[in-house]
Amino acid sequence: MRKQILLGVLAAFGLMTTVQVNAQESNFKCGLQSQLKKLYAEDPQMELDYRHLINQYKETRVVNGKKRQIYIIPIVFHIVHEYGSENISDAQVYDQMDILNEDYRKLNADTSLVVPAFDTLIADCMIEFRLAAIDPYGNCTNGIEHIYSHQSNAGDDYSKLNQWNRANYLNVWVVNTIGEAGVAGYAYYPTATTGGSFFRDGIIILNDYVGSIGTSNPYSSRALTHEIGHYLGLAHTWGSTNDPTVACGDDDVDDTPITKGHNSCTAFDLADTTCVPGVIENTQNYMEYSYCSHMFTLDQSDFMHNVLAQETGGRNNLYADSNLTVTGTDVLPPPLCTPVADFSADKRMTCVGDVVNFTDASWRAGITSYSWSFPGGTPSTSTAANPAVVYNQDGYYSVTLTVSNAAGSDTKTFTNMMYISAAWPEFVGPYSEDFEGGSAGWWHTQNPEDNWASFNLIPGVGKGQSKGFKLNNFKDVSNAVAFTDDWFYYDRLGNSKDYLISPSFNLANTSNVSVSFDYAYGTKATALADITEEVKVYTSRDCGETWQIRSNATLSAEEVITVGYVGSTDFTPTEDVQWKTQTFTYSTTAQDTKLRFRFEFIASDKSSNFYFDNFNISGTLAIEENGESIGVSIAPNPVAAGSEVAVQVTGSSEDMELQVVDVNGALISITKVPASNGTQTVMIPMNVAKGCYFLNAIKGSVKSTNRVIVF
């Protein structure tokens, strides 16, 4: 029997509605119902279990006015990030905790805005939340951990990394994006997390819907209050559709009237009697989408208490005295923890002499002192929280940070974190690389998450069983223990990124440039919708500090596949027919004096191994004087020690001189090239030790310098 809330109070709250109108344009959308639809399709029993939970509430609900205990729930926030703004501060989490405890204890000041039809039904839910002080391993924690992972931009059940035992903690994952468009967060009813679905338990939410400060704002700050309502069994006020305003529905809670639900809070909505004439709908309920949410009702509070009494999802253990002791939430204030060192840089590649800005990303506790070590950098040490460093010599550099407070210290080192490019190009185009020689060592790989899948130069995997780069996406998880990271490997592979980066090239004097590379790839996917892999190609003119995408070179999901279905195998191409060649043009400018190419592989959950070989830059290298252009091309480059390099020179009205010098400027050889109307090929012996040399092409006062690598 539903409580009838009459419209006779309209005149009394007519003035109040002007306060309620909310100018917020964006709408909160919860993903619960769409997620439940998938789960219920897989296991219809879960839907029946929720109906049973509702029936239990109706049969055993707490009588209003009965003295009830305060339920203290330990909570942990997992901040899943890629060192962007989504890596929210502890202060933003603390702000959210204040909001939760105000909302669930009827301490929020905006209860004064609740319309008279419901102001006597506002519940003190007697539920409090405390950040965990002890983690599952018995270590000190502040209840906030930061996890670097591409899953921050996947935002699904498999983004719920490092779940702490759900019978001890309420888990909240904060991410940058959620897979379903428009969804700000979602949580399952406890009945939808039984059996093998326990890993889904908890709440996933966007960073800009956490708290009212930082990346969020006051209008978005009640989203987590809403999602915890679902976690404790409450439905949307309009029932089991995820789309408000569509149809009148019932949430099976006695004192929340039937409603269509609301996407905004307006004067009309606050007096809405659409579904039952004469009965005002509870637009200001936390389980609404109205953006003027101020309250739970008394019966909603009883419903949540009934859920907390159930074993389902371990809810009845959360507030037990023994669990408060285990999680450290029985003692206030919590103890000071030792911090965990972490940091990022605004770039991982740059030029000699450029400034690199480092940012502290340490967590778990406040920090009183920093100790940075920058071998090869200026300064080489720092005690600042966010120092700036310059590297004046090319090469790889490691960085170390030690953070301390009264509880102790922690140290983190990123080995070879920085690559600093020389002031000159490493090669001059045209260029050909089959990865058989020593010049392959000039290529760089980046595996941002330092995980299993990474590019490696391996013999026998290139075209024709030569050397080539392999991105080893395949992992044998056939014997993985259930619910471990290995067990979830292929559920979390999608959207991970790995990079292969070329040396720098001087193409400023090269025209008609065409770039090509060979690649081979198979997939585990059997459905076209599951094939989402991409290979994107970028270029950089500033030593890898910034990158520009080359849309004419990108391989789409369909284009990247050269073999088709390879199944769950460690696929390696064995025939040339399994390879394809991607070719694209590049328009050079005078700025292309240190040009790099970056190949980015974006995986799917069905990804197999990707192979890369035979990178080539073709074109004409020219010296220009008084409008006359003289083309020079060098092949092979790299060249084997003791062999010859062929230098092709187009017609010139003047004599030329080809000089070979070492890196110290010492002259190795001089070859005269007489003037000629036609193209000439000059063979120059490279009877030198392996290393880097320069070929100077000189005509009058004009000189072109080209790098030659000897292996």
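For the pair K524 and Y490, the distance from NZ or CZ to the six-membered ring centre is under 6.0 Å and the angle to the ring normal is within 45 degrees.
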Verify side chain to side chain contact (heavy atoms under 4.5 Å, CB included) between S301 and M126, making sure each step is shown before the conclusion.
CA-CA 8 Å; S301 176; M126 307 289 283; 5.8 Å; no
Could you go through Y391 and Y397, starting from their C-alpha distance and side-chain angles, then the distance that decides it, and tell me whether this counts as ring pair (Phe, Tyr, Trp, His ring centres under 6.0 Å)?
CA-CA 9 Å; Y391 294 90; Y397 295 94; 4.7 Å; yes
Set out, in order, the CA-CA distance, both residues' side-chain angles and the distance that settles side chain to side chain contact (heavy atoms under 4.5 Å, CB included) for N473 and L493, then state yes or no.
CA-CA 8 Å; N473 289 312; L493 182 59; 4.2 Å; yes
Starting from the C-alpha separation in whole Å, work towards a yes-or-no answer on side chain to side chain contact (heavy atoms under 4.5 Å, CB included) for I420 and T350.
CA-CA 5 Å; I420 308 301; T350 193; 3.6 Å; yes
Ring pair (Phe, Tyr, Trp, His ring centres under 6.0 Å) evaluation trace for Y83 with H81:
CA-CA 6 Å; Y83 291 114; H81 68 94; 4.9 Å; yes
List the steps and the verdict of ring pair (Phe, Tyr, Trp, His ring centres under 6.0 Å) for H146 and H78.
CA-CA 6 Å; H146 296 253; H78 311 274; over 10 Å; no
Please report the C-alpha distance between F199 and F488 in whole Å, then the side-chain angles of each, then the deciding distance to 0.1 Å, and finally whether the ring pair (Phe, Tyr, Trp, His ring centres under 6.0 Å) criterion is met.
CA-CA 11 Å; F199 73 91; F488 283 120; 5.0 Å; yes
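Comment: R315 engages D201 in a salt bridge, judged by a side-chain N to carboxylate O separation of less than 4.0 angstrom. Between D485 and R492, at least one side-chain nitrogen of the basic residue sits less than 4.0 Å from a carboxylate oxygen of the acidic one, meeting the salt-bridge criterion. By the 4.0 Å N-to-carboxylate-O rule, K606 lies too far from D530 to be salt-bridged with it. In this structure, E145 does not pair ionically with R364, as no charged nitrogen and carboxylate oxygen lie closer than 4.0 Å.
Residues meeting the ring-ring contact (aromatic ring centres under 6.0 Å, His included) test with Y104, sequence neighbours left out: F129, F296. Annotation: side chain to side chain donor-acceptor pair (under 3.5 Å) contacts of D330 (sequence neighbours excluded): T325. For S212, the side-chain contact (heavy atoms from CB on, under 4.5 Å) partners are D95, I99, P218, S221, not counting sequence neighbours. For S404, there are no side chain to side chain donor-acceptor pair (under 3.5 Å) partners, not counting sequence neighbours. The side chain to side chain donor-acceptor pair (under 3.5 Å) check on K106 picks up nothing, with sequence neighbours excluded. Applying the ring-ring contact (aromatic ring centres under 6.0 Å, His included) rule to F483 yields the partners F198, W487; only residues at least two apart in sequence or on another chain are considered. For L131, the side-chain contact (heavy atoms from CB on, under 4.5 Å) test picks out I75, F77, V93, Y94, M97, I144, with sequence neighbours left out. By the side chain to side chain donor-acceptor pair (under 3.5 Å) test, T445 pairs with no residue at all, sequence neighbours left out.
Using a distance-only test at 3.5 Å, with no hydrogens or angles considered, a donor-acceptor pair links the side chain of N165 to the main chain of A167. Here the side chain of D299 pairs no donor or acceptor atom with the backbone of V253 at under 3.5 angstrom. In terms of modelled atom types and a separation under 3.5 Å, the side chain of S362 and the main chain of D342 share a donor-acceptor contact. Of the possible donor and acceptor atoms, none in the side chain of S197 sits under 3.5 Å from a partner among the backbone N and O of R200. Counting only distance, with no hydrogens or angles, the side chain of S152 and the backbone of S149 share no donor-acceptor pair below 3.5 Å. A distance-only check finds a donor-acceptor pair linking the side chain of D605 to the backbone of G494 [under 3.5 Å]. Within the 3.5 Å criterion, the main-chain N or O of F474 finds no donor-acceptor partner in the side chain of N472. In this structure, the side chain of N323 engages the main chain of N168 through a donor-acceptor pair within 3.5 Å. A donor-acceptor pair is defined here as one N or O able to donate and one able to accept, closer than 3.5 Å; such a pair exists between the side chain of R130 and the backbone of T329. Listed for the S382 side chain is a donor-acceptor partner under 3.5 Å among the backbone atoms of A384.
If you run side chain to side chain contact (heavy atoms under 4.5 Å, CB included) between L206 and each of V183, T215, I178, only I178 comes through. Results of the side-chain hydrogen bond (donor to acceptor under 3.5 Å, both in side chains) test with Y370 over T383, D360, T402 single out D360 as the only residue that passes.
Applying the ring pair (Phe, Tyr, Trp, His ring centres under 6.0 Å) test to every pair with at least one member in residues 311-348, sequence neighbours left out, gives these pairs: Y71-Y319, F343-W372, F343-F414. For residues 204-224, the set of pairs meeting the salt bridge (Lys or Arg N to Asp or Glu O under 4.0 Å) definition, not counting sequence neighbours, comprises D103-R222, D110-R222. Residue pairs meeting the disulfide bond (SG atoms under 2.5 Å apart) criterion with at least one partner in residues 189-225, sequence neighbours excluded, do not occur; the list is empty. Residue pairs satisfying the disulfide bond (SG atoms under 2.5 Å apart) criterion with at least one member in residues 136-188, sequence neighbours excluded, are listed as follows: C140-C337.
Side-chain atoms of T413 and T400 form a donor-acceptor pair, as typed in the model, at a separation below 3.5 Å. Under 3.5 Å, the side chains of Q300 and N285 contain a donor-acceptor pair of N or O atoms. Looking only at atom types and distance, the side chain of E449 has a donor-acceptor partner in the side chain of H150 under 3.5 Å away. In this model, a donor atom of one side chain and an acceptor atom of the other lie less than 3.5 Å apart for D90 and N142. Residues Y286 and N108 bring a donor and an acceptor atom of their side chains to less than 3.5 Å of each other. Counting only N and O atoms by type, the side chains of N153 and E82 include a donor and acceptor under 3.5 Å apart.
In this structure, CD1 in I531 is found 5.0 Å from OG1 in T523, a value given to the nearest 0.5 Å. How far CG of D124 is from CZ of R105: 4.0 Å, rounded to the nearest 0.5 Å. In this structure, N495 CG and E533 CD are separated by 11.5 Å, a value rounded to the nearest 0.5 Å.
Separation of the Y188 and Y186 ring centroids falls under the 6.0 Å cut-off.
When all heavy atoms of Y231 and Y169 are compared, the pair lying nearest together is OH-O, 4.3 Å. I213 and Q92 make their closest contact through O-CD, 3.2 Å (heavy atoms, listed as atom of the first residue, atom of the second, distance). When all heavy atoms are compared, the tightest approach of F374 to P387 is CZ-CG, 3.6 Å.
Relative ring orientation between H226 and Y289 is described as tilted, the plane-to-plane angle lying within the 30° to 60° band.
In this structure, N139 places its CG atom where more than 12 heavy-atom neighbours from other residues, nucleotides or ligands lie under 6.0 Å away.
Considering only heavy atoms from C-beta on, I73 stays 4.5 Å or farther from E128 through its side chain.
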